[in-house]
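Take a look at the structure below.
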There are 2 protein chains.
Amino acid sequence: MDPKVMDEILQRLQKEGIKITQQRKKIIEIIYDQQNHINADTLYAILKKQKAGVSRATIYRTLDLLVEKRYIQKMDFGEGRCVYEFKLGQPHHDHMKCLRCGKVIEFNDHIIELRQHTICQNHKFYPMSHVMQIYGICHECREKEKKNL
Amino acid sequence: MDPKVMDEILQRLQKEGIKITQQRKKIIEIIYDQQNHINADTLYAILKKQKAGVSRATIYRTLDLLVEKRYIQKMDFGEGRCVYEFKLGQPHHDHMKCLRCGKVIEFNDHIIELRQHTICQNHKFYPMSHVMQIYGICHECREKEKKNL
DNA sequence: GTCAGTGCAAACTTTTTGCACAGTA
DNA sequence: TACTGTGCAAAAAGTTTGCACTGAC
């Protein structure tokens with residue numbers, strides 16, 4: 001992972017009186033390096049493979065901490081478990097999920113973002129974050145279905 | 001509940017070879033009459049109070065069925081349990097959730113809906129449903145916070 | 001040295017499942 | 001009557017918690 005990013009996170013955490021532990025560093029690193037979304041269990045498996053010896057409890061506690069401090073984002077695609085992704089310094093984006101193959105496509109659209117702000121203003125609602133997921137069928141799966149007809 | 005709506009649902013279910021049971025009717029009725037979102041446990045409590053004697057297993061199985069058949073919508077506000085709301089014949093809407101008081105505000109915006117379709121077209125993605133939740137602070141909670149400063 | 005952080009195992013919460021029985025079509 | 005649907009209780013799955021120990025500052 002980019003050492004600058006890690007340093008920034010560690011410094012920020014330290015400023016808030018949060019202790020920098022080996023476990024926390026490793027968890028941050030794995031989430032950062034992970035291309036896709038990651039869930040608690042996968043994180044646990046990776047740490048186990050690395051023989052890092054980090055317990056599940058610590059993983060959940062660290063994930064909660066990082067979500068609270070806004071370094072990572074927690075999402076739920078209705079799979080019965082939550083997934084996380086690195087957020088700091090990353091541009092905001094939303095997701096499309098294919099109901100056939102499970103693929104997740106990321107997108108970012110400033111018109112939607114702007115419109116959300118307008119809607120919030122109309123409702124005198126002060127937005128802090130949002131999630132948006134579109135469920136449907138991706139191009140590849142539709143092509144496959146066409147062929148099989 | 002509106003008997004026409006109930007009839008429509010029952011007829012549609014029957015057409016698909018799904019049996020109409022007392023349990024299913026009661027569950028549909030409660031979700032329909034519920035103003036707010038409802039979760040499986042609350043549904044169970046209401047049924048218990050009515051001495052309807054519907055088991056949790058049946059509730060979950062019926063909820064799954066109704067979601068699949070698109071009569072109700074399942075949502076997750078990150079509370080560790082899912083909530084459901086009646087969908088058939090209701091205009092689509094999204095949600096704002098206040099992080100202070102937990103209130104959920106519904107809104108519908110055709111600009112966002114249109115824009116979502118455009119984005120999907122650009123990605124050759126065929127949308128079937130979507131969820132959008134904005135998290136933040138509602139007007140009332142912000143007013144309260146101002147006073148307490 | 002102090003106290004926040006960790007590991008472990010047990011507890012908890014929500015949801016799912018197997019199987020015998022019930023009730024709809 | 002023939003299955004689909006149900007209830008029950010047990011299991012599964014994900015997450016949280018209590019408590020004694022560890023390690024960062």
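Convention: sequence-line order gives letters A, B, ...; per-chain numbering from 1.
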For Cys138(B) and Cys98(B), the nearest pair of non-hydrogen atoms, with its separation, is N-SG, 3.4 Å
Between Glu140(B) and Lys103(B), does at least one N-O distance fall below 4.0 Å, as a salt bridge requires? yes
- Task: Would you tell me whether Tyr135(B) and Gln133(B) have side-chain atoms, one donor and one acceptor, within less than 3.5 Å of each other?
- Result: yes
Salt bridge (charged side-chain N to carboxylate O under 4.0 Å, His left out) filter on Lys97(A), not counting sequence neighbours, yields Glu79(A)
Residues of residues 41-49 of chain B with a heavy atom under 4.0 Å from any atom of DNA chain C, listed by number, are none
Side chains of His130(B) and Asp94(B): is there a donor and an acceptor less than 3.5 Å apart? yes
Using 4.0 Å as the upper bound for N to carboxylate O, is an ion pair formed by Glu8(B) and Arg12(B)? yes
From CZ of Arg56(A) across to C1' of dA11(C) the rounded distance in Å is 15 Å
Taken in chain and number order and not counting sequence neighbours, the residues that satisfy salt bridge (charged side-chain N to carboxylate O under 4.0 Å, His left out) with Glu16(B) are Lys69(B)
In whole angstroms, the gap separating C1' of dT13(C) from CG of Asp76(A) amounts to 15 Å
Rounded to whole Å, the CZ-P distance (Arg81(A) to dT16(C)) equals 13 Å
Item checked: Proximity of His37(B) and Phe77(B) rings by center, below 6.0 Å -> yes
May I ask you to say whether Asp76(A) pairs ionically with Arg81(A), meaning some side-chain N is under 4.0 Å from a carboxylate O? no
Between OH of Tyr60(A) and P of dA9(C) the distance, given in whole Å, is 17 Å
Closest non-hydrogen atoms of Lys124(B) and Arg142(A), given as atom of the first, atom of the second and distance, are O-NH2, 4.2 Å
When rounded to the nearest 0.5 Å, the distance separating CG of Asp33(B) from CZ of Phe86(B) is 9.5 Å
Quick tally for nucleotides 19-25 of chain C: nucleotides whose base has a protein heavy atom under 4.0 Å get B, sugar-phosphate-only ones S, the rest -, giving ----BBS
Bounded by its outermost nucleotides with an atom under 4.0 Å from a heavy atom of chain B, the footprint on DNA chain D reads dC3(D) to dC8(D)
Assign each of Ala57(A) and Leu65(A) the nucleotide of DNA chain C bearing its closest heavy atom; nearer the 5' end lies the nucleotide of Leu65(A)
Strictly below 4.0 Å, N to O, side chains only: are Lys26(A) and Glu29(A) in salt-bridge contact?
no
Rounding to the nearest 10°, end axes of the helix from dG1(C)-dC25(D) to dA25(C)-dT1(D) built from five pairs each make an angle of 40°
Classify the side-chain pair Glu85(A)/His93(A) by whether it contains a donor and acceptor separated by less than 3.5 Å. yes
